[in-house]
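Notes follow the structure.
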Amino acid sequence: MNWMTRLRTLYGIDLKMLAMPVFIVLILAMMVLPLPPFLLDLFFTFNITLSIVVLLVSSYTKKPLEFAIFPTVLLVTTLMRLALNVASTRVILLEGHTGPDAAGKVIDSFAHFLVGGNFAVGLVVFIILVIINFIVVTKGAGRIAEVSARFTLDAMPGKQMAIDADLNAGLIGEADARKRRQELAQEADFYGSMDGASKFVRGDAIAGILILFINIIGGIAIGMFQHNLTAGQSAETYVLLAIGDGLVAQVPALVISIAAGLIVSRVGTGEDIGEQMASQLFNMPRALGITAAIMALLGFIPNMPHFPFLMLAGSCAYLAWWLSQREKSRKAAESAAQEVVPATLNNGNEATWEDLQPVDVLGLEVGYRLIPLVDINQDGELLKRIKGIRKKFAQEVGFLPPAVHIRDNLGLRPNQYRITLKGATMAEGETVNGMFLAIDPGGVTAQLPGTPTRDPAFGLPAVWIDNTLRSMAQVSGYTVVDAATVVATHLNHILQMHASALLGRTEVQSLLDHIGKLMPKLVEDIIPKVVSIPIFQKVLQNLLSEGVHIRDMRTIIETMAEHAPHLQDSFELTAQVRTALGPAIVQQIYGYAAELPVIVLEPELERVITQTVGKTNEAVGLEPNLADALVRHAVEVTQQQEAAGLPAALLVPDAIRLPMSRLLRRLAPRLRVIGHGEIPETSTIRVSSILGAST
């Protein structure tokens, strides 16, 4: 058992805990207590050694947080240099008249060996080092640390949301999330500390200049008036000692400043600086070859030093040749591996994970005659329409739908297309490339020759015509669209009908990221602290399933934040959000009309439904025959409203709005069900039809 272990065992002393306090006390002691020249040499040497260690550690770190203690190291080394300056100044002024080695051998060596004993040269070298340290290295490192700290703090909300999203999606565990949050906080603290610590280095450079001139002026005065030296003797002795003292402090300071620059200017790639240099700077044969040619041309210019230019040109040329040969060998080995592996291991038939393709959220399959519509090389018109549909959907509904994955399907008829949602077929139709579909919206004045059909999106009667009849069809009252528009309209209709199914967790997270840029404080304070992401997603899906747009995210989030603490059911939260969005819902149905023609329930039927539903959100439990008659009448009333040019909207009490919507949604999807609480106070209600009056 060694003595360190005995101390820890007998007295419970942890030397690691004592190391830093003792070191700080020693630094303070150097400022107050006089030090003999031997200890000055020892401490100056330790200062130089420590600065080299810090520089090398900075060079080998792969990311700044691996050297998170660096701002503290910067402060401590700066204090140690200042303490040594104070101690050496005391010795120089007290004992400088005795000889050049009065302040120790280290200062004497820097004063004579590095600058040749010439105090003018030493003064110039010292000033140059200070300028390099103060204006170039320290200023640049401080600016990088300041900008990095600002950018890191600005990016923190987005990074925290990404961590929460990965946690909620199950991609990481609670421990990993906690670790990533801790690293994020450490990164912000590190750059903030570096921004402040860089000011210590700048102050150290200024203090070095002041200490130099204090030593020179004070030393000359002391030599002349206290030790009876001539002005020349005093200047030669004290100026050299002051310059040696300044250089022995500024050289480690410059090394530490370079280390700070290396730390804050790193862009993490999982490699240290040496590996990054080798892999990024000297890994392009073409650049090295051109450099070799330029250096060779410079080397052949008359009166130029030929040997160094030609030597470096030859080195660059050899390195370019070696790198190109290594690249050729690597490509040849990869080609050989690709040829051997399928023949020996895979045998051309073995299944791999690459064979497992994820199901497309939204897909469009086309027959072979429709391929020109979606071929990017043929400037497919349908591709442009789909981009416009997604953009318009995002602007109207409030979120960006998934991308449409398009592929040809030889199993379809030549002119057939199929729209899929999560692998399931949602709709099919046919369109004829090169022809136009004339749709009869009602009230056309003439019949057109062509192939009768139905509009795939809405089932209206239509006829396929060629381009020569297009003008005639428009004059006769038909709506004429081309083949790409037919598919695009059908796709847009499917998007609107299944908007709730398209809003997955990925889309919700992307929506929150977008809102977080516009309203960062709102999202940060509420989601997921008050409202969890699954509940938030479910409320949005409930709104979309009933055709309510979710563009007004501010109102949606604020309403959920208000009611979420005492309402945990997503349907109850949806009802509160619908009430808050009432004016927008009514405007979406009726436009800007002040008078709202609505459909209402027959009073007795409304009473029966209210008693049946009670306070639950379950479906209406009516007697089957009555329920069937109610649904049939709802379809009839909807058609009557639409025939009269009026919106089909059923106004019911808030307590039964959701059950009635569920009952009518499947067989009467165009009938919108709204509650009394969703009607704005400024709107006037007019009963245009009564549902259930004849049931």
Side-chain angles (χ1 to χ4, degrees), residues 360-397 400-499 502 670:
D360 296 332
V361 177
L362 194 59
L364 175 63
E365 301 175 0
V366 296
Y368 69 86
R369 287 185 183 173
L370 302 182
I371 291 177
L373 294 177
V374 296
D375 187 0
I376 190 173
N377 297 321
Q378 302 183 47
D379 197 21
E381 185 66 24
L382 184 55
L383 295 177
K384 301 177 183 178
R385 301 290 176 85
I386 291 176
K387 292 179 181 178
I389 287 172
R390 295 183 68 232
K391 184 176 182 180
K392 183 180 179 183
F393 182 93
Q395 292 173 344
E396 290 182 352
V397 179
L400 184 66
V404 181
H405 292 264
I406 305 173
R407 57 169 58 92
D408 62 292
N409 187 347
L410 297 179
L412 298 177
R413 292 188 297 274
N415 292 321
Q416 187 181 9
Y417 63 88
R418 177 182 295 161
I419 301 172
T420 62
L421 178 62
K422 299 179 181 178
T425 301
M426 291 292 106
E428 292 181 339
E430 290 195 23
T431 186
V432 183
N433 190 18
M435 298 190 70
F436 292 84
L437 184 66
I439 304 172
D440 180 7
V444 296
T445 59
Q447 297 296 320
L448 297 175
T451 305
T453 184
R454 289 251 173 205
D455 169 35
F458 303 102
L460 298 175
V463 59
W464 283 107
I465 61 175
D466 57 26
N467 191 33
T468 59
L469 299 174
R470 183 178 181 183
S471 299
M472 177 181 174
Q474 291 174 339
V475 172
S476 301
Y478 287 90
T479 301
V480 183
V481 294
D482 58 14
T485 304
V486 172
V487 182
T489 303
H490 200 178
L491 177 62
N492 182 59
H493 181 62
I494 296 300
L495 289 179
Q496 297 288 344
M497 289 180 59
H498 301 278
L502 295 174
R670 296 197 299 274

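What you see is a predicted model, and the numbers here were worked out from it, not measured in a lab. Sequence positions, counted from 1, serve as the residue numbers for this chain.
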Point to revise | Stepwise side chain to side chain contact (heavy atoms under 4.5 Å, CB included) check, Asp440 with Tyr478 | key: CA-CA 5 Å; Asp440 180 7; Tyr478 287 90; 4.1 Å; yes

Check your understanding: In Å and rounded to the nearest 0.5 Å, what is the CG to CD distance from Leu410 to Glu365?
Key -> 11.0 Å

Check your understanding: What's the shortest heavy-atom distance between Asn433 and Ala483, and which atoms?
Key -> CA-CB, 3.9 Å

Review point. Do Asn492 and Thr489 get their side chains close enough for a donor-acceptor pair, meaning under 3.5 Å?
Key: no

Point to revise | For Thr479 against Pro441, the heavy-atom pair lying closest together | key: OG1-CG, 4.0 Å

Review point. With side chains defined as the heavy atoms from C-beta onward, is the minimum distance between Val404 and Ile419 less than 4.5 Å?
Key: no

Point to revise | Shortest non-hydrogen contact from Glu430 toward Pro456 | key: O-CG, 4.2 Å

Point to revise | Derivation of the side chain to side chain contact (heavy atoms under 4.5 Å, CB included) call for Val374 and Val366 | key: CA-CA 9 Å; Val374 296; Val366 296; 4.1 Å; yes

Exercise for review: Measure the spacing between CG of Leu364 and CG of Leu491 and express it to the nearest 0.5 Å.
Suggested key: 6.5 Å

Point to revise | From Met435 atom CE to Leu469 atom CG, the distance as rounded to the nearest 0.5 Å | key: 8.5 Å

Study note, to complete from the structure: Smallest heavy-atom separation, Phe436 atom then Asp466 atom, equals CD1-C, 4.5 Å

Exercise for review: Report the C-alpha distance between Asn415 and Leu370 in whole Å, list the side-chain angles of each, state the deciding distance to 0.1 Å, and finish with yes or no for side chain to side chain contact (heavy atoms under 4.5 Å, CB included).
Suggested key: CA-CA 6 Å; Asn415 292 321; Leu370 302 182; 4.3 Å; yes

Revision key, fill the gap. When every non-hydrogen atom of Ile406 is compared with those of Leu383, the smallest separation belongs to CD1-CD2, 3.6 Å

Practice item. State the CD-CG distance between Glu381 and Asp375, to the nearest 0.5 angstrom. Key: 13.5 Å

Check your understanding: Roughly how far, to the nearest 0.5 Å, is the CG atom of Leu495 from the NE2 atom of His490?
Key -> 10.5 Å

Point to revise | Contact check, side chains of Leu382 and Tyr417, non-hydrogen atoms, under 4.5 Å | key: no

Check your understanding: Any side-chain heavy atom of Thr485 within less than 4.5 Å of one from Leu437?
Key -> no

Check your understanding: Should Arg418 and Asn409 count as side-chain neighbours, where that means a heavy-atom distance under 4.5 Å?
Key -> yes

Exercise for review: Indicate yes or no: at least one non-hydrogen side-chain atom of Arg407 is less than 4.5 angstrom from one of Asp360.
Suggested key: yes

Point to revise | Closest contact, heavy atoms only, Ile465 versus Ala438 | key: CD1-CB, 4.1 Å

Practice item. Check for a donor-acceptor pair, side chain of Arg390 on one end and backbone N or O of Pro401 on the other, with a separation under 3.5 Å. Key: yes

Revision key, fill the gap. Rounded to the nearest 0.5 angstrom, the NE2-CG distance for His498 and Leu362 is 10.0 Å

Exercise for review: Evaluate side chain to side chain contact (heavy atoms under 4.5 Å, CB included) for Asp482 paired with Arg385, printing each intermediate quantity in order.
Suggested key: CA-CA 12 Å; Asp482 58 14; Arg385 301 290 176 85; 3.3 Å; yes

